Protein chains: 2
Amino acid sequence: MTVRQPLPPDLFEELCPSSLVPFRFGDKWSALVIRCLEDGPRRFSELRVPLPRVTPKVLTQTLRGLERSGLVSRTAHADPASGVEYALTPLGRSLLEPMQVVYGWVAEHWEELLDAQERYDAPPLRSPA
Amino acid sequence: MTVRQPLPPDLFEELCPSSLVPFRFGDKWSALVIRCLEDGPRRFSELRVPLPRVTPKVLTQTLRGLERSGLVSRTAHADPASGVEYALTPLGRSLLEPMQVVYGWVAEHWEELLDAQERYDAPPLRSPA
DNA sequence: CAGAATCCTAAAAGATACTG
DNA sequence: CAGTATCTTTTAGGATTCTG
């Protein structure tokens, strides 16, 4: 079966208006790529779907970085049609939990973060006579 | 008493060779600044000690960003000698735990991360005949 | 399909000097 | 003391085109 969990059309839009969130994981895309691999190995082209804003070059960069850190493995199958598969290593998988904690915190405090920014950006009103 | 927990001379050196760690919190310094405020309010000049590599300009920027997100508060006391104090807000404080989880993960997997990078960077040896 | 190569822009960071 | 103002560098990221 080629039936896997479908990936959303734009994960960035959905998860990470990063102008708002005061932190990401290091670079712009690594965390998102990791999440895309949560449900199992994905091919390069599969990853491009939920990350339409990432150019192939940047996606490659990101994957290389994750590979270098031992979080993601890259396997080019003998069968050419299977393409190249990226998957989380055990190490990468072990990172899911800490990440979830952070995402949980963001979800929980989303409103507060928004409010704080609005207050900060608001025109400083002085003595409303 | 002005006796507070002393701050280390270079937190960046100590904690975050960020070339290694595949993630930081958004920008280069925010996470570190937050950690510096863990034990209580600090003045601008106090923060400069554990972060000697941060220029005043960048430190200001970082603090403004944290303030904007509602994580840090800035209070200029009436008493000029007390200077300006930065402190974690409750929101900022609530972030400590998630951060600790991530740092814990890094600490726990430090060796693996290092090894992975060394392997990746190593000259690709082929059939050592 | 899975990228590599090239070029370009924008944003973050840093150095340095100066000010209320 | 707590910044601000400039200027320059660095780096990430993106657009586009091309290739094994």
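These numbers come from a predicted model, not from an experiment.
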Measure the distance from [atom1] on [X] to [atom2] on [N] and round it to the nearest whole Å.
{"X": "B/Gln61", "N": "C/dA12", "atom1": "CD", "atom2": "P", "result": "8 Å"}
{"X": "A/Leu47", "N": "C/dA2", "atom1": "CG", "atom2": "C1'", "result": "11 Å"}
{"X": "B/Leu32", "N": "C/dA13", "atom1": "CG", "atom2": "P", "result": "12 Å"}
{"X": "B/Lys28", "N": "D/dT9", "atom1": "NZ", "atom2": "P", "result": "17 Å"}
{"X": "B/Leu59", "N": "C/dA12", "atom1": "CG", "atom2": "P", "result": "16 Å"}
{"X": "A/Leu51", "N": "D/dG14", "atom1": "CG", "atom2": "C1'", "result": "15 Å"}
{"X": "A/Asp27", "N": "D/dT10", "atom1": "CG", "atom2": "C1'", "result": "16 Å"}
{"X": "A/His77", "N": "C/dA2", "atom1": "NE2", "atom2": "P", "result": "10 Å"}

Check: Within less than 4.0 Å of OP1 or OP2 of D/dG3, is there a side-chain N or O belonging to B/Tyr86?
Finding: yes
Notebook entry, point to check: Does the side chain of B/Arg64 get closer than 4.0 angstrom to OP1 or OP2 of D/dT4 through an N or O atom?
Noted result: yes
Side chain of [X] only, please: which of [options] is the nearest?
{"X": "A/Ser45", "options": "C/dC1, D/dG14, D/dT4", "result": "C/dC1"}
{"X": "A/Val84", "options": "C/dG3, D/dG14, D/dA2", "result": "C/dG3"}
{"X": "A/Arg74", "options": "C/dA13, D/dG14, C/dA2", "result": "C/dA2"}
{"X": "A/Thr60", "options": "C/dG3, C/dA13, D/dA2", "result": "C/dG3"}
{"X": "B/Pro56", "options": "D/dG13, D/dG3, C/dG14", "result": "D/dG3"}

Check: Donor-acceptor pair, B/Thr89 side chain versus B/Gly70 backbone, under 3.5 Å?
Finding: yes
Next item on the list: Could you state whether B/Trp105 and B/Val101 fall into the same hydrophobic cluster, counting links through intermediate Ile, Leu, Val, Met, Phe, Trp or Tyr residues with side-chain heavy atoms under 4.5 angstrom apart?
Entry: no
Margin query: Heavy-atom nearest nucleotide on DNA chain D for B/Phe44 versus B/Lys57: which residue maps closer to 5'?
Written below: B/Phe44
Checklist line | Within 45° cone and under 6.0 Å: A/Arg35 NZ/CZ vs A/Tyr103 ring | finding: yes
Check: With side chains defined as the heavy atoms from C-beta onward, is the minimum distance between B/Ser73 and B/Glu67 less than 4.5 Å?
Finding: no
Notebook entry, point to check: A/Leu63 versus A/Arg74: any side-chain heavy-atom pair under 4.5 Å?
Noted result: no
Checklist line | the helix from C/dC1-D/dG20 to C/dG20-D/dC1: angle between end helix axes, five pairs per end, rounded to 10 degrees | finding: 60°
Check: Who pairs with B/Arg93 by salt bridge (charged side-chain N to carboxylate O under 4.0 Å, His left out), at least two apart in sequence or on another chain?
Finding: none
Check: Closest approach of A/Cys36 and A/Arg42, non-hydrogen atoms and distance?
Finding: O-NE, 3.4 Å
